[in-house]
Amino acid sequence: MSDSIPNLLIYLIIAGLSVAYFIFRKKATSPGLSEEMADVQNAAAEGFGASEQVFPPSAEFVAKARVKGMDGYKKLYRESIEHPEKFWADEAKELTWFEPWTKVLDESKKPFFKWFVDGKTNICYNCIDAQIKKGLGEKVAIVFEGEPTQNGAATEVRRITYKELLVEVSRFANVLKELGLQKGDTVAIYMPMVPELAFAVLACARIGVVHSVVFGGFSAESIRDRVNDAKSKAVITMDGGYRRGKFLALKQTVDEAVQDCPTCERVLVLQRHAGKPDAACAMKAGRDVWYHDVASKVSSDCPAVWQESNEMLFLLYTSGSTGKPKGIIHGTGGYMLQAYTTNKYVFDLRNDDLFWCTADVGWVTGHTYVVYGPLLNGASVLMYEGAPDAPDYSRFWKIVEDHKVTVFYTAPTAIRAFMKWGDEWVKKHNLSSLRLLGSVGEPINPEAWLWYHRNIGAERCPIVDTWWQTETGGHMITPIPGCTPTKPGSATLPFFGVDAAVLDEQGNETDSGILAIRKPWPGITQGIFGDEKRYIEAYWSRWNGAYYFPGDGAIKDKDGYLWITGRVDDVVNVSGHRIGTAELEAVFIENAAVAESAVIGVKHELKGQGLMAFVILKSAAAKTVNEETLAKTLNGMVDTKIGKFARPERIVFVSDLPKTRSGKIMRRLLRDISEGRELGNVSTLADPAVVESIRNKFNNK
Ligand code: WTA
């Protein structure tokens with residue numbers, strides 16, 4: 001890239017022309033467009049896909065990477081699409097299988113695909129035992145830093161080798177057995193970001209117990225719903241963990257949750273550290289056990305069970321466009337391969353890397369890129385317990401310097417926070433150990449991408465902007481460092497074996513529409529727990545079952561690069577966390593004063609998207625209620641029913657909502673109002689005057 005003025009001018013002209021092109025297209029095609037297509041075209045009009053700035057892969061990567069140059073990528077990609085079974089079988093042979101598979105891919109029950117049929121393996125064995133066999137026993141598997149500091153230095157740093165990990169995980173697995181848990185049972189895990197969380201996950205996998213991790217920010221009611229839906233037999237938790245200097249108790253929240261969980265027989269409680277007075281836990285006799293009480297009595301030797309490749313490894317609940325969160329099922333062999341392969345190629349892991357993915361293990365990113373992916377590759381992975389601003393804004397950069405992190409993977413929302421906090425916090429630390437950066441969770445705006453590139457990557461580290469989902473198990477659209485020239489804001493091109501397309505509603509290929517995936521990939525979900533029909537309807541009904549529908553809009557530029565514009569369904573990515581607008585609406589309707597509500601996602605400077613709620617009161621309540629007090633009550637309800645992170649930015653009380661004649665709420669118009677845009681097509685509204693009154697109410701604040 002050159003900063004010379006002529007280049008800049010050319011860039012500006014091209015960018016201008018592209019924007020004009022998309023605006024023109026929008027005007028030409030707007031009437032009658034579905035809400036989804038209108039969303040994508042709004043994004044196009046705002047400049048998505050318009051940037052022509054290109055960053056070639058760094059010479060260092062081209063020289064050393066596994067796959068070299070665009071030619072290397074194209075060749076391997078073509079092979080993976082033309083002969084997927086051969087491609088994936090070759091990759092799978094790099095892992096340990098106790099018994100070979102008889103069939104790589106069984107599509108007979110599409111869309112319930114089976115990978116590596118009859119193959120027997122164990123992912124925990126592949127993460128730990130197989131690494132020790134390769135001679136990595138003394139290598140550090142996990143570097144942990146707790147949040148508390150004294151005089152600026154972390155008070156707790158642990159380094160756990162692969163051999164030590166084997167002991168910890170085996171002992172943990174034996175504790176689970178002591179509690180009566182067996183292969184096929186499900187347990188919920190509700191813990192802070194400490195190594196014991198990884199031990200718990202791996203221990204479950206070792207003995208074939210299905211784990212269902214619930215992010216530590218969820219409320220008691222959310223835990224309850226997840227435990228009941230999955231019929232979890234136990235909950236593994238900890239007395240608490242540190243967040244922004246406070247000790248957050250978790251066990252109390254679990255106590256509240258499991259009161260109404262008939263299947264949950266045991267609560268296993270770990271201790272963050274002994275002697276912490278505010279960590280005192282009330283233990284219910286017969287149900288609750290301290291981990292250390294059982295662990296001291298069991299052996300630290302526990303063989304890994306053999307799992308058929310399609311047996312369930314874990315459940316992870318995520319938000320959808322309707323109803324309650326859905327339990328996404330992942331199997332063993334296919335998921336393992338997706339985690340292994342993507343980690344290997346996308347992060348180009350090498351022996352001396354220290355890989356830091358800042359996601360919490362409560363989300364899929366933490367499953368695949370804190371625990372499974374890096375360990376399957378025999379890497380050293382960093383886990384940090386706390387917040388990026390504790391004790392000050394430079395904490396992440398101090399961690400990078402102190403531990404010499406080489407690959408750093410975070411979310412755009414965090415990057416925007418770093419930008420806001422100011423460059424001085426970054427400059428305090430030596431980040432020269434870094435060689436590769438990653439982004440995940442939501443579209444990254446080019447401004448944040450460029451800041452990341454300059455300030456964290458010193459214009460030296462490639463950035464991999466990785467698009468994927470809980471349902472896909474691992475990366476799907478992403479640059480491969482050493483191959484793919486990157487463009488700020490674009491997730492670029494499909495990963496190996498991923499046959500991606502951008503389609504219109506009829507299923508025709510287009511340059512701005514809806515993202516679709518044609519072929520199954522190993523990490524694809526095995527469905528929604530207990531609801532096969534919902535799985536088919538949500539993901540496979542759109543184009544007659546020919547494509548997987550991920551729920552995202554996308555633009556394909558002239559180079560075939562994909563620009564993800566965000567969700568086109570009623571799911572909102574708040575700080576990279578998925579929340580279904582229907583979940584909030586279900587909370588509000590429980591309040592006696594509320595008649596109806598519509599929740600939408602709107603642009604947010606830091607969070608990417610925030611939630612905006614429009615609430616109609618019952619007529620009696622509308623006359624007497626104090627709006628400010630009611631808004632506080634509704635927010636409190638969100639805290640207890642979902643979690644604080646799902647609070648809306650604002651609750652606007654309105655007398656009506658924009659609806660079509662058939663009664664469907666036109667959320668797009670609410671988005672237009674909230675983002676100060678000119679209103680889109682209102683001709684299908686039952687009462688066009690409604691939008692004006694909402695707009696007035698919205699603007700008067
Ligand atoms: C969004 C997180 C744009 C997208 C891994 C997707 C992204 C949802 C990106 C999945 C990206 C994730 N660019 N959007 N690089 N990565 N998304 O299940 O809307 O928590 O559908 O998985 O996040 O969120 P989930």
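Whatever order the structure lists them in is the order used to number ligands and atoms, beginning at 1. The shown structure was predicted, so the numbers you read here are calculated from the model rather than taken from an experiment.
- In terms of polar-atom proximity, defined here as any N/O pair under 3.5 Å, Val364 makes no such contact with ligand 1.
- Shown here is Lys487, whose NZ atom has more than 12 heavy atoms of other residues, nucleotides or ligands within 6.0 Å.
- Around the CD atom of Glu675, the shell of radius 6.0 Å holds more than 12 heavy atoms that belong to other residues, nucleotides or ligands.
- The backbone of Glu442, and not its side chain, has at least one atom closer than 4.0 Å to an atom of ligand 1 (non-hydrogen atoms only; backbone = N, CA, C, O).
- Near Val440, meaning under 4.0 Å from any of its heavy atoms, are these atoms of ligand 1: 5 (C).
- The nearest heavy-atom contact from the protein to atom 23 (O) of ligand 1 is Gly441 O, 3.2 Å.
- Distance check: Asp552 CG to Thr565 OG1 gives 7.0 Å after rounding to the nearest 0.5 Å.
- With a heavy-atom cut-off of 4.0 Å, Thr365 touches ligand 1 through its side chain alone.
- When heavy-atom distances to ligand 1 are checked against a 4.0 Å cut-off, Thr470 comes that close through both its backbone and its side chain.
- Residue, atom and distance of the protein heavy atom nearest to atom 10 (C) of ligand 1 are Trp468 O, 3.6 Å.
- With values rounded to the nearest 0.5 angstrom, Trp467 atom CH2 is found 12.0 Å from Thr478 atom OG1.
- At under 3.5 Å, not a single nitrogen or oxygen of Glu471, backbone or side chain, sits near a nitrogen or oxygen of ligand 1.
- Enclosure of atom CD in Glu649 by more than 12 non-hydrogen atoms of other residues, nucleotides or ligands within 6.0 angstrom is indicated.
- In the vicinity of Thr466, heavy-atom distances shorter than 4.0 Å reach the ligand 1 atoms 9 (C), 11 (C), 15 (N), 16 (N).
- The proximity of Val571 to ligand 1, defined as any non-hydrogen pair under 4.0 Å, does not occur for either the backbone or the side chain.
- Ring to ring, His330 and His367 are not that close: their centroids are 6.0 angstrom or more apart.
- Phe347 and Arg435 make their closest contact through O-NH2, 3.9 Å (heavy atoms, listed as atom of the first residue, atom of the second, distance).
- Residue contacts with ligand 1 for Pro443 involve both N, CA, C or O and side-chain atoms from C-beta outward (heavy atoms, distance under 4.0 Å).
- Shortest contact from atom 24 (O) of ligand 1 to any protein heavy atom: Arg578 CD, 3.1 Å.
- In terms of polar-atom proximity, defined here as any N/O pair under 3.5 Å, Ser439 makes no such contact with ligand 1.
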Worksheet item: Could you go step by step and tell me if Asn42 and Arg671 meet the side chain to side chain donor-acceptor pair (under 3.5 Å) rule?
Response: CA-CA 11 Å; Asn42 274 338; Arg671 276 194 289 274; over 6 Å; no
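- Ring orientation note: the planes of Trp356 and Phe408 are nearly perpendicular, at an angle over 60° on the 30°/60° scale.
- Short contacts between ligand 1 and Ile564, defined as distances under 4.0 Å to a heavy atom of the residue, involve ligand atoms 3 (C), 14 (N).
- Of the candidates Glu36, Glu505, Glu537, Arg542 forms a side chain to side chain donor-acceptor pair (under 3.5 Å) with just one, namely Glu36.
- For atom 6 (C) of ligand 1, the closest heavy atom belonging to the protein is Asp552 OD2, 3.3 Å.
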